[in-house]
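Every chain is numbered from 1, with letters handed out A, B, ... down the list of sequences.
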Amino acid sequence: MRKAQVGETVKLSGWVFRRRDHGHFLFIDLRDHYGITQVVFHQERPFFDAATRLRYESVITITGKVIARDAATVNPTMATGDIEINVLEITVQSMAEQLPILVDGMEESPEDLRLKYRFLDLRRDKLHKNIILRQQVINSLRRRMTDGGFMEFQTPILTSSSPEGARDYLVPSRIHPGHFYALPQAPQQFKQLLMVAGFDRYFQIAPCFRDEDARADRSPGEFYQLDIEMSFVTQDDVFEAVEKVVHGTFVEFAKKQVDDIPFKRITYADSMLKYGSDKPDLRIPIEIRDVSALFAESGFQAFKSAVAAGSVVRAIPVQKIADKPRSFFDKLVEFAQSVGSKGLAYLVWTGDAAAPVKGPLAKFLTPEQVASLSSQCGVQAGDAVFFVCDKKDVAAKIAGEIRKKVAKDLDLIDVNVFKFAWIVDFPMFEWDEENKCIAFSHNPFSMPQGGMEALLTKNPLEINAFQYDIVCNGVELSSGAIRNHVPEIMYKAFEVAGYGPEVVDRKFGGMINAFKLGAPPHGGIAPGVDRMVMLLADESNIREVIAFPMNQKAQDLMMGAPGEVTDKQLRELHINIDPKIVAEMKAEAAARAAATAG
RNA sequence: GGAGUGGUAGCUCAAUUGGUUAGAGUACUAGCCUGUCACGCUAGGGGUUGCGGGUUCAAGUCCCGUCCAUUCCGCCA
């Protein structure tokens, strides 16, 4: 609706967004998917009284004349602010009751209410725009993939449970008592089988189902991946293809500066050392250092003996914080302890020639050691360095947490950029402390670097995989790999992880058989669509870019899922629910009803 | 499963050290207002302070338990 239409008689439908009742006339801001238009009711119309009683969010259809507003009454903040509509006829399509949440909200409502009345929440401008953005991003991804020569496929939603990975969502079979389908955690095996079938460029906007607990960037139940697989490619080929799509999409929609391609590549080992994480936030201008060697020689007994026993010391240099009050440092020590550190030592560079550093550690270090720290950490007067000492992986993690915490508290994060990186060379295996054995650290289908020879000759814990992640602003966007398509290497890799060939045949029979009948080398990746949209919409919570998300406890409060089913349905599925469980469920339901009633 | 934070009117919040009848904005209802645009003005209705127990002359406030929400850890090949 614009100035060009002045004089026309138009019909407009929408929701009553705002109301301004002046007695002799009434303004209503009518909102639809496309925007807001001011409509005017005059007292002499027969429907005037009824119009004044329209509650917010009622749905009406009006017919009226488009009128140019006087210069004095133009509203420059509205796209339609030049005009208004003089209402001649009105139909009330739907009168709204009092609203549980406000649609015209600067105010945030409690999330459980927003989820229960999601259709109202989705009327709010911000969420409405997020969902539109989501659709545009998906469209753009799809177009870029198709233009890049990829074919879109559908793969089954009802499939078999896979032994590795997250918990499955199971669906009982009616025809086969005691047997279950599983919803796919990802179309992993199907896309690999499509490569074996000779389709060499696969993609799918694929729903993935994992029964795991939620996080701010992890919606429980289902999420979507831009699932990609390619045949006859190297890791670099995959990077090139994916970078083009991800970079192009981010440049198209981002309001921030996007890293140029090719994206930076960081080895897993380097990332753990410098950033204390395998999904580093590269916006933070702090790099962690290893100073174990220096403390092995120092007079600080606690660190010295720990290093002798195999621990490491990690240094976190922070610039220009010498003037922070003592409480700042105390709070950081407290934070370190809350994330599992035994303590947090630190040194502050004073700029005083006689006593260049102060802090709990100062008296244990020689001037030479202090000088060495200065150069290793790149610090000068006014800066400080924090020290964490623990076993390698623990120290890395704690140092990483402190790096993030300091950056947040000191406001060191540039919020106007998207910093991308590939994390490469993930270890193929890791030591499983709980079960005291060697286990796959990521995907068992990844090709070990060095192939069969590496598996036969190297320490398994030193073998890397052709396994990679793409990370943006500290968010893991996706993970992928060049796959292991050689049956002998597959059997060997599983053997290293403690599984005999019969396990491979039983659990992955479909795929291993396929690999015995002519399989191309192949690899792929699967960037998380929800997370990309979350970053592009500048939201810190993934539920803000999902139309109908579940809550943290994996419930759909609007639809009432999960819910009970009838005894007949259970009988058909050969499911017997333990009476004890039923009693517990009923008690819980009663408690919940009591709580809700109150 | 564990830790932190929170729960007061439909919604957003306030209520001093434990002390009068738990207040305000908004929404809702009624009335007034000829140009507003988050219109304005007047009045009214609306509360098991999440639930249960305890301490006290007195509890929204303190203590214990419990439920709910959220964030984080565990988990997420």
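Exactly one residue among A:Gln235, A:Gln467, A:Gln449 makes a side-chain hydrogen bond (donor to acceptor under 3.5 Å, both in side chains) with A:Asp425. That residue is A:Gln449.
For A:Asp112, the listed nucleotide lying nearest its side chain is B:A69; candidates were B:C72, B:U36, B:A69. Distances were taken from every side-chain heavy atom of A:Gln38 (C-beta onward) to each of B:C39, B:U36, B:C11; the shortest belongs to B:U36. Distances from the side chain of A:Gln98 to the nucleotides B:U12, B:A27, B:U71 place B:A27 closest.
For the pair A:Arg218 and A:Phe223, the cation-pi test (distance below 6.0 Å, angle within 45°) is failed.
Between the C1' atom of B:A3 and the CZ atom of A:Phe335 lies a distance of 13 Å, rounded to the nearest Å. The interatomic distance linking A:Lys397 (NZ) with B:C75 (P) rounds to 9 Å, in whole Å. Look at CZ on A:Phe223: it is 8 Å from C1' on B:C76, rounded to the nearest Å.
Put simply, the side chain of A:Asp21 and the base of B:C39 share no donor and acceptor less than 3.5 Å apart. Judged by distance alone with a 3.5 Å cut-off, a donor-acceptor contact links the side chain of A:Arg218 to the base of B:C75. With hydrogens and angles left out, the side chain of A:Asp213 and the base of B:G74 share a donor-acceptor pair within 3.5 Å. Between the side chain of A:Glu84 and the base of B:G35, at least one donor-acceptor pair of N or O atoms lies under 3.5 Å. Counting distance only, with no hydrogens placed and no angle test, the side-chain atoms of A:Arg210 and the base atoms of B:C76 include no donor-acceptor pair under 3.5 Å.
Between A:Asn75 and B:U36, a side-chain N or O to OP1/OP2 separation shorter than 4.0 Å is absent. Remark: A:Gln552 is in phosphate contact with B:U70, judged by side-chain N or O atoms under 4.0 Å from OP1 or OP2. Side-chain nitrogen and oxygen atoms of A:Arg55 include at least one within less than 4.0 Å of the OP1 or OP2 phosphate oxygen of B:U29. An OP1 or OP2 oxygen of B:U71 is reached within less than 4.0 angstrom by a side-chain nitrogen or oxygen of A:Arg543. Within the structure, a side-chain polar atom (N or O) of A:Arg215 is placed less than 4.0 Å from OP1 or OP2 of B:C73. Here A:Gln555 reaches the OP1 or OP2 of B:A69: one of its side-chain N or O atoms lies under 4.0 Å away. A:Arg20 has a side-chain polar atom (N or O) that falls below the 4.0 Å cut-off from OP1 or OP2 of B:C39.
Residues that satisfy the salt bridge (Lys or Arg N to Asp or Glu O under 4.0 Å) test with A:Asp556, not counting sequence neighbours, are absent from this structure.
An aromatic stack links A:His22 and the base of B:C39, using centre distance under 5.5 Å and interplanar angle under 30°.
Across all strands shown, B:G4 is found opposite B:U70 as a Watson-Crick or G-U wobble partner, with both distances under 3.5 Å. Base pairing of B:G18 is not made with any nucleotide, judged by Watson-Crick or G-U wobble geometry with both donor-acceptor distances under 3.5 Å.
Expressed to the nearest 0.5 Å, how far CD1 of A:Ile546 lies from CD of A:Glu539 amounts to 11.5 Å. Rounding to the nearest 0.5 angstrom, the gap separating the OG atom in A:Ser479 from the CG atom in A:Asp469 is 4.5 Å.
Each of A:Asn541 and A:Gln188 lies near RNA chain B, and the nucleotide nearest A:Asn541 is the one positioned closer to the 5' end.
Under the 30°/60° scheme for interplanar angles, the aromatic rings of A:Phe494 and A:Phe440 are found to stand perpendicular.
B:C41 and B:U36: their C1' atoms are spaced 15 Å apart (whole Å).
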